[in-house]
Amino acid sequence: MQIFNTLTRKKEEFIPQVPGEYRIYVCGPTVYNFIHIGNARPVVVFDVLRRYLEYLGNKVCYVSNITDIDDKLIRTAAEQGVSMQSLAQRYENEYFTDLDGLGAKRATVHPRATEHIAEILDIIRDIVDKGYGYVAKNGDVYFRAKKFKDYGKLSHLVLEDLESGNRTLRSELAEELKEDPADFAVWKAAKQGEPYWDSPYGHGRPGWHIECSAMARKHLGKTIDLHCGGEDLIFPHHENEIAQSECANGCEFAHYWMHNGFLNIDNQKMSKSKNNFFTVRDIASHYGYEALRYFLLTAHYRSPLNYTPDLLDACKAALERLYTCRDNLDFARENAAGTSDALLAKAQEAEQKFRTAMDDDLNTVNALAALFDFVRECNTLAASSSPAALVQAAAMFDTLAGVLGIVQHREKSGVPADVTELVQARTDAKKAKDWARADAIRDELAQKGYAVEDTPQGPKLVKK
RNA sequence: GGUGCUGUAGCCAAGUGGUAAGGCAGAGGUCUGCAAAACCUCUAUGCGCCAGUUCAAAUCUGGCCAGCACCUCCA
């Protein structure tokens, strides 16, 4: 498949170092609050990428970190009067609840920064030993950005331009601690009341960027295949990761970089100050997790995506069409006696179109179009199809929907005996043309949560 | 100031040179005791605006208009 590589700004064939094995690192959340729907975008998009690679028969080692030591965590914990550890643990749990709800597979490893202090100090030592890092007089350790000649290769920014064009860089960061304004912290000396660890530089804690460099190296090796995250992380976070890792390891950090576009509200970036902030939990309680997941797949992952409540309603309706189709396939297999195998060819066509779409830089929009084309064919041909064709069509449906991680919540529970009896009673009433009684039974079934639809093959129950 | 992105039907959104996918909403029809679901038909002579290149442009070039993002810890 081809993916758009931020490094080269071109679509490239996605080739792993070891054939059939992909090593992927995705920047995860800082666990100081519930995640918002913008955070959900990389979670879902890169989960789909992983599922697709696995569908193609590859092994994927997928690492997504948990940032559980950070300025925001320290500040929020202080405000709430709880320990940073308990705050982080709480919101890590909430994060996994949302992750599961969104249907994102658990990563191969979800490493926590605080459990990798030794690895972080190892990589800092490598950086300092090679002359790329230095200890400031207060015990901070900084990285010499300008010493790394490739600095800016990912964001395509030039340090000199940054400095001349950006006033804040000069005024606010002209601290005497740094040799140069462009330098960034890899280790921060402990301040009063903050969590800290022992280090060769005194008590302190890791900087933000260094944890990803350290955890990627530990769990995926010195050179990884793909590094992913939101587009806002390109600079400075990912640029700094590259600088740290490539200087410490002496080899390329990641061959490919993928970045998802923003999810906006009213065409504006979400932010707490603008009061246009939605958590995943909020949206899920109104529309369900699956509608949110579907929504995130309705635009190409690199495009901005604008959230409005109406769109989630439309997504629920679209999902409903998919569920109905899938039920139709089962119903036809159980009740119809067709002989046609025409659906088999349609299933092949659908898979072909689906793969063409996904191969082209994860075009989930066209992949969905392929699925909906297949839905129409299934609905049209179900009643005349052979049981074998219906089984295979259902399997193809499940495979394609499974790659996208949707239509995963079909009710498998059996129908209670009293409901079956009511359906039979209604059929009898209809035979006797007792429409009033038939409608009364239909109302009764509705109260029990079942809709009954009459088809040429007999009554069909739909659980609501 | 630097670096990028976006503008396609009522709404969302694919489509990077060959004559506008798909979903939602809407209209008509078929089926049905009535419904529901499904299916069929319809809904952009036009893709922000103006020029240009070409046999051919939503797609390439130039200009303009509008909106958005990043530029030191925000996915």
Side-chain angles (χ1 to χ4, degrees), chain A residues 9 26-30 35-43 45-46 67 70-72 145 152 155-169 172-173 181-185 188 207-209 228-237 239-240 259-264 267-272 294-295 298-300 302-306 308 310-322 324-325 327-328 331 353 357 360 363-373 375-376 378-383 430 433-436 438-439 442 451-456 460 462:
Chain A
R9 296 191 178 178
V26 182
C27 283
T30 301
I35 63 168
H36 61 242
I37 54 177
N39 293 306
R41 197 169 186 191
V43 166
V45 163
F46 299 119
T67 297
D70 166 87
D71 289 346
K72 290 191 295 290
S155 55
H156 299 84
L157 295 172
V158 179
L159 274 177
E160 285 67 32
D161 293 346
L162 289 175
E163 289 174 39
S164 63
N166 195 297
R167 256 178 265 128
T168 56
L169 187 65
E172 290 177 17
L173 297 179
D183 295 348
F184 55 90
K188 296 182 173 187
W208 176 37
H209 317 298
C228 313
E231 65 179 0
D232 57 330
L233 295 182
I234 294 172
F235 191 90
H237 184 54
E239 200 68 75
N240 290 353
H259 293 93
N260 63 277
F262 269 103
L263 193 151
N264 298 324
N267 288 315
Q268 303 243 305
K269 184 172 171 175
M270 260 192 292
S271 72
K272 286 183 173 170
Y294 181 95
F295 171 65
T298 59
H300 186 82
R302 282 189 282 120
S303 303
L305 178 57
N306 199 38
T308 67
D310 289 355
L311 295 176
L312 268 285
D313 282 326
C315 289
K316 280 189 82 164
L319 273 171
E320 202 53 44
R321 179 168 163 80
L322 295 173
T324 300
C325 172
D327 288 342
N328 286 345
F331 181 78
K353 185 177 172 188
D360 181 17
N363 193 329
T364 54
V365 184
N366 282 341
L368 279 170
L371 189 57
F372 276 103
D373 284 344
V375 163
R376 192 180 58 252
C378 287
N379 287 333
T380 302
L381 298 171
K430 281 183 65 184
K433 295 197 190 302
D434 185 353
W435 310 128
D439 289 350
R442 185 159 62 192
V452 59
E453 302 170 358
D454 295 322
T455 77
K460 177 182 169 190
V462 180

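The chains referred to below are lettered A, B, ... by the order of the sequence lines, with proteins before strands, and numbering in each begins at 1. Since the model is a prediction, treat every value here as computed from it, not as a measurement.
Rounded to a whole angstrom, the distance from the C1' atom of B/rG48 to that of B/rU54 is 23 Å. Between B/rC65 and B/rU19, the two C1' atoms lie 28 Å apart (nearest whole Å). Here the separation of B/rA14 from B/rA58, taken at their C1' atoms, is 12 Å to the nearest Å. The gap from the P atom of B/rC42 to that of B/rG33 amounts to 29 Å, rounded to the nearest Å. Here, B/rG23 and B/rU30 have their P atoms 23 Å apart, quoted to the whole Å. When the P atom is compared between B/rG17 and B/rU61, the two are found 12 Å apart, to the nearest whole Å. Comparing B/rG1 with B/rC12, their C1' atoms are spaced 36 Å from each other, to the whole Å. For the P atom pair drawn from B/rA56 and B/rU45, the interatomic distance equals 22 Å after rounding to whole Å.
For the pair A/Y294 and A/H209, both in contact range of RNA chain B, the more 5′-proximal nearest nucleotide belongs to A/Y294. Sequence order on RNA chain B of the closest nucleotides to A/H156 and A/P456 puts A/H156 first from the 5' end.
Atoms CZ and CE, from A/F262 and A/M270 in turn, are 8.5 Å apart once rounded to the nearest 0.5 Å. Interatomic distance, NZ of A/K72 versus OG1 of A/T67, reported as 8.0 Å (0.5 Å rounding).
The aromatic rings of A/H209 and A/F184 sit perpendicular to each other, their planes meeting at more than 60°, with 30° as the lower class boundary.
Closest to the A/K72 side chain, of the nucleotides B/rU3, B/rC74, B/rC34, is B/rC74. Of the candidate nucleotides B/rG23, B/rA75, B/rG33, B/rA75 has the atom nearest to the side chain of A/H36. Checked against B/rG33, B/rU72, B/rA75, the side chain of A/D232 finds its nearest nucleotide in B/rA75. Nearest to the side chain of A/D71, among B/rU72, B/rA75, B/rC73, sits B/rC73. Taking every side-chain heavy atom of A/F184 into account, B/rU72 is the closest of B/rC24, B/rA75, B/rU72. The side chain of A/A317 sits closest to B/rA25 out of B/rA69, B/rA25, B/rG22.
Put simply, the side chain of A/D183 gets close to the backbone of A/A145: a donor and an acceptor are under 3.5 Å apart. In this structure a side-chain-to-backbone donor-acceptor pair under 3.5 Å is missing from A/R442 to A/V452. With A/D360 contributing its side chain and A/N363 its backbone, the two residues share no donor-acceptor pair below 3.5 Å.
Nucleic acid contact class of A/A369 (heavy atoms, under 4.0 Å, all strands): base. Across all strands shown, A/F262 has heavy atoms under 4.0 Å from base atoms, whether or not it also approaches the sugar-phosphate. Among the atoms of the strands shown, none is found under 4.0 Å from any heavy atom of A/I35. Using a 4.0 Å heavy-atom criterion, one finds that A/K353 contacts the sugar-phosphate atoms exclusively. At the heavy-atom level, A/G229 lies under 4.0 Å from the strands shown only through sugar-phosphate atoms. Backbone-only engagement by A/N363 is indicated by non-hydrogen atom pairs under 4.0 Å involving sugar-phosphate atoms exclusively.
In this model, the phosphate group of B/rU6 is not approached by any side-chain N or O of A/N264 to a distance below 4.0 Å at OP1 or OP2. Distances shown here put a side-chain N or O of A/R9 below 4.0 Å from the OP1 or OP2 atom of B/rG4.
Protein atom CH2 of A/W435 is 6 Å distant from nucleotide atom P of B/rG33, rounded to whole Å. Between A/N366 atom CG and B/rG22 atom P the separation is 11 Å, expressed in whole Å. Taking atom CG of A/L368 as the reference point, atom P of B/rG22 lies 13 Å away to the nearest angstrom.
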Dump every N/O contact between nucleotides 35-38 of chain B and the protein below 3.5 Å, one line per pair.
unit_1, atom_1, unit_2, atom_2, d
B/rA35, N6, A/D454, O, 3.3
B/rA35, N1, A/D454, N, 3.1
B/rA35, N3, A/R442, NH1, 3.2
B/rA36, O2', A/E453, OE2, 3.2
B/rA36, N1, A/D454, O, 3.2
B/rA38, O3', A/N379, ND2, 3.1

Show me the protein contacts with nucleotides 9-13 of chain B, counting only N or O atoms at under 3.5 Å.
none

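Stem analysis of RNA chain B (Watson-Crick or G-U pairs, both distances under 3.5 Å, runs of at least three) returns B:1-7 with B:65-71, B:10-12 with B:22-24, B:26-30 with B:38-42, B:48-52 with B:60-64.
Ion pairing of A/K460 with A/D327 is absent here, as no side-chain N (NZ or NE/NH1/NH2) approaches a carboxylate O to less than 4.0 Å.
A/P29 places none of its side-chain heavy atoms less than 4.5 Å from the side chain of A/N39.
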